[in-house]
Amino acid sequence: MKALTVLRMVAGLHAVAICLQPVFAGIYLDGSPAGLRMHEPTGLVIVFLGLGQLLAATIWWRACGRWQAAAVSLLIWLGEVVQVSMGYSRQLAIHIPLGIALVATTVALAIWINRQRLTNRQTDRQRVAA
């Protein structure tokens, strides 16, 4: 249960941070350079949150969780690495649609993770550990 709780917290924080990115981009496009100053470091933080989510999802999977959370977290993290690369190289034809896909996928995964329940196997393992 602890692994699932940590995964829920990291996934929620990750989803909130990634939802801020289009807001910061919009501030920049509205003419304020402060938007870019917020967009860039937040993007780097999101990559590290994605890595933390991947680690938490893998730990949960190995502790009798679902492998899908780790697999999707890996794909999201790889997408975020590509996203940062495309942003720095100003490849907006890739950066913008990939960003939209990453926001949607990250939010959907966070919702899916929060709907997960402990299985009988996880509950049994907790009783043995106690």
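It should be emphasised that the depicted structure is a prediction, and the values quoted were computed from it without experimental measurement. Both backbone and side-chain heavy atoms feed into the values below; hydrogens, waters and symmetry mates do not.
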Candidate pair R66 and W60, rule side chain to side chain contact (heavy atoms under 4.5 Å, CB included), full reasoning:
CA-CA 7 Å; R66 303 182 112 195; W60 179 57; 3.9 Å; yes

Look up atom [atom1] in [X] and atom [atom2] in [Y], then write down how far apart they are to the nearest 0.5 Å.
X	Y	atom1	atom2	answer
I76	T106	CD1	OG1	4.0 Å
M86	Q91	CE	CD	6.0 Å
N114	L109	CG	CG	9.5 Å
T105	I100	OG1	CD1	11.5 Å
I94	S89	CD1	OG	7.5 Å
Q53	M9	CD	CE	12.5 Å

If you take all heavy atoms of [X] and [Y], which pair is closest and at what distance?
X	Y	result
L7	A57	CD1-N, 3.7 Å
G43	V84	O-CG2, 4.1 Å
M38	Q21	O-OE1, 4.3 Å
L54	S73	CA-CB, 3.8 Å
I59	A3	CG2-CB, 4.1 Å
C19	V103	SG-CG1, 4.2 Å

Would you say that Y88 contacts E40 through its side chain, given a criterion of any heavy-atom pair below 4.5 Å between the two side chains?
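Yes - at least one pair of side-chain heavy atoms lies under 4.5 Å apart.
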
Any side-chain heavy atom of I46 sitting closer than 4.5 Å to one from Q83?
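Side chain of I46 against side chain of Q83, heavy atoms only: no contact under 4.5 Å found.
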
Find out if a path of hydrophobic residues (ILVMFWY) with successive side-chain heavy-atom gaps under 4.5 Å connects [X] to [Y].
X	Y	answer
V81	L78	yes
L13	V45	yes
L74	L51	yes
V23	Y28	no
L29	L36	yes

Test log, rule side chain to side chain contact (heavy atoms under 4.5 Å, CB included), inputs I18 and E80
CA-CA 10 Å; I18 206 164; E80 289 169 348; 3.8 Å; yes

Within a 6.0 Å radius of atom CH2 on W112, are there more than 12 heavy atoms belonging to other residues, nucleotides or ligands?
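Correct, the count exceeds 12.
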
